[in-house]
Amino acid sequence: VVEDEKPISNLIALSLKKAGYHSECAYDGLEAIDMLEKKRVETLIEYMDIANEKQKALEQAESATSAKTRFLSNMSHDIRTPMNAIFGITQLMEHDKNDMVKMEDHIQKLQVSSRYLLSLINDVLDMSRIENGSVRIEYTVVHLPDILHDLNTIIQESVHSKQQEFYIDTQDILHEDIITDKLRLTQVLLNISSNAVKFTPVGGTVNIRVSEKSCRRDGYTTVIFSVKDDGIGMSPEFREQVFDSFTREHTVTENGIGGTGLGMAITKNIVDMLGGTIHVESEVGRGTEFTVMLECEISEMTVKEEPDPEQREPLKNEKQKIRAEIQRRYEGKKVLLVEDNELNREIATAIMEEIGLDVDIAEDGTDAVNMMSSAEGRKYDLIFMDIQMPKMDGYTATREIRTLNDPKCANIPIIAMTANAFEEDRKKAIKAGMNAHIAKPISADIILENLERMRQNRKYFNEPAEKS
């Protein structure tokens, strides 16, 4: 509103406001021009800010797309590498089936390639679960020496194969028993240590140090885990993005070192969920050091003491004796394997028969329900149930079996044996009426472990109680 009489301009502005307009007043032409110019500049700046924000968003989207494209390319290469090895070795096994020395070598290489392929898949699944918020931290009392012993046991084979020096030492540890998530802490340390071994050449050194310092929170302590190597190191540019998803330094692929580029992203996310921090120092050609700091509640309860080294061999022999006793306990048990995939049926049957189980086959959930509904259903002691099947899935089949009139058949223990490997999958299986959950790939030890756990709860296992 341009009007030199202030009362009139105010009256016009009030009328415009009532009509739903926003207005400003100028009392001469020059002031109006200044106000219009100022508004034009403000509008221009606003549009520029919007344009900049859109450009940043576009660049971020393009960067994310580029990273995922590189990831898919890397994954294609990394998955094909062990798959090619598995395919090639099976052909060699066909050729060398009468040469036991070569067959043993082929089997060892098959196991290595299979474990590597499984680790790639696990990384992708772990990152997916973290991103959708389905990972939960479960705090329990943890004995630090147990963590370090497990870590040493898992990583020794890789260290030995590269003839490296591997040390674990502790410094100023006053509280060996803390409250944290043992599984996730072990995963963090294993990811970092495995990378240290992977990126350190033959004959190199990897050192893990655990120390403790006081914490400002009452009843808590700060535990510091340091993993240091003298390997290939990282460039300053890559060090800045080492915790980003799908990232791998170019020297990694040039040196033929595989991986998804997700391991450190997973590690960083878990450390964040544990309420800690992770820091990295690295120099190309000199090595890398990762430092994880966690504030942990101090436990008043001691959970487990690690045996002395000289005690471990007798313990190992004792474990072998116990396994043999457990295996004898289940020899001749009649089980029904419900699995639609022919190769999976063959593998599972072989493993179960190795334990001493007597195995019958059902190729779908509908077949399993029909067999358990008939008179022959009473002969079975246990069912191993796949989940994803074409006609009737394992959950539905389990619910159908639980409604049978015959109490023995309706209450038969059912173990989910499936590629659905998440914790939520286990809970879903239990909710459907199953008694246990085994994630593929399976092994004889895992099967026996689940059978023992179920035997200890007798209402879920069809065998008489032992006489006292």
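In this text the structure is predicted, and so the values were computed from the model without any measurement. Each residue takes its place number in the sequence, starting with 1.
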- Task: Would you indicate whether Lys228, at its atom NZ, is surrounded by more than 12 heavy atoms from other residues, nucleotides or ligands within a distance under 6.0 Å?
- Result: no
- Taking the side chain as every heavy atom from C-beta outward, state whether Ile414 and Arg402 have any pair of such atoms under 4.5 Å apart. yes
- Task: Check the pair Tyr139, Glu297 against side chain to side chain donor-acceptor pair (under 3.5 Å), reporting the backbone distance first and the verdict last.
- Result: CA-CA 10 Å; Tyr139 289 98; Glu297 186 177 354; over 6 Å; no
- Message: Counting neighbours of CD on Glu331 that are heavy atoms of other residues, nucleotides or ligands and sit closer than 6.0 Å, is the number greater than 12?
- Response: yes
- So, the side chain of Asp96 versus the backbone of Asp99: is there a donor-acceptor pair under 3.5 Å, distance only? no
- Message: On a heavy-atom basis, which atom in Ile278 and which in Val271 lie closest, and how many Å separate them?
- Response: N-CG1, 4.1 Å
- Task: Before accepting this row, confirm whether a basic side-chain N of the pair Glu325/Arg329 lies closer than 4.0 Å to the acidic partner's carboxylate O.
- Result: no
- Item | Asn450 (side chain) donor-acceptor with Ile446 (main chain) under 3.5 angstrom | yes
- Message: If I compare all heavy atoms of Ile107 with all of Met93, which pair ends up nearest, and what's the gap?
- Response: CG1-CE, 4.0 Å
- Task: Of all the heavy-atom pairs spanning Glu452 and Tyr330, show the shortest one and how long it is.
- Result: OE2-OH, 2.6 Å
- Message: Looking at Gln388, I want to see if its CD is surrounded by more than 12 non-hydrogen atoms of other residues, nucleotides or ligands under 6.0 Å.
- Response: no
- Message: Within the 4.5 Å heavy-atom criterion, are Thr221 and Lys213 side-chain neighbours or not?
- Response: no
- Task: Would you indicate whether the side-chain heavy atoms of Arg184 and Met273 approach each other to under 4.5 Å?
- Result: no
- Query: Judged by atom type as modelled, is there a donor-acceptor pair below 3.5 Å linking the side chain of Asp393 to the main-chain atoms of Met389?
  - Reply: no
- Message: I'd like to know if the side chain of Lys198 reaches the main chain of Ser193, judged simply by a donor and an acceptor atom lying under 3.5 Å from each other, with no hydrogens or angles considered.
- Response: no
- Item | Distance-only donor-acceptor check, side chains Ser211 and Asp172, under 3.5 Å | no
- Message: I'd like to know if the side chain of Asp381 and the backbone of Lys333 have a donor-acceptor N/O pair within less than 3.5 Å.
- Response: no
- Message: Could you walk me through whether Ser226 and Glu289 satisfy the side chain to side chain donor-acceptor pair (under 3.5 Å) test, starting with their C-alpha distance in whole Å, then the side-chain angles of each, then the deciding distance to 0.1 Å, before giving a yes or no?
- Response: CA-CA 7 Å; Ser226 169; Glu289 181 175 11; 2.6 Å; yes
- Taking Glu295 for the side chain and Tyr220 for the main chain, is one N or O donor matched with an acceptor at less than 3.5 Å? no
- Please answer whether the main-chain N or O of Val197 pairs with a side-chain N or O of Lys162 as donor and acceptor at a distance below 3.5 Å. yes
- OG1 of Thr170 to CZ of Phe225, rounded to nearest 0.5 Å, is 11.0 Å
- Residues that Asp358 engages under side chain to side chain contact (heavy atoms under 4.5 Å, CB included), provided they are two or more places apart: Lys334
Show me the donor-acceptor pairs within less than 3.5 Å that the side chains of residues 343-351 make with the rest of the protein, sequence neighbours left out.
{"from": "Arg345", "atom 1": "NH1", "to": "Glu339", "atom 2": "O", "distance (Å)": "3.0"}
{"from": "Arg345", "atom 1": "NH1", "to": "Asp340", "atom 2": "O", "distance (Å)": "3.1"}
{"from": "Thr349", "atom 1": "OG1", "to": "Arg345", "atom 2": "O", "distance (Å)": "2.7"}

- Query: Between the side chain of Thr398 and the main-chain N/O of Gly394, is any donor-acceptor distance below 3.5 Å?
  - Reply: yes
- Counting distance only, does the side-chain N/O of Gln164 pair as donor-acceptor with the main-chain N or O of Gly204 below 3.5 Å? no
- List the steps, then state whether side chain to side chain donor-acceptor pair (under 3.5 Å) holds for Gln108 with His106. CA-CA 5 Å; Gln108 183 180 7; His106 295 330; over 6 Å; no
- Are Leu190 and Leu151 close enough that some pair of their side-chain heavy atoms sits under 4.5 Å apart? yes
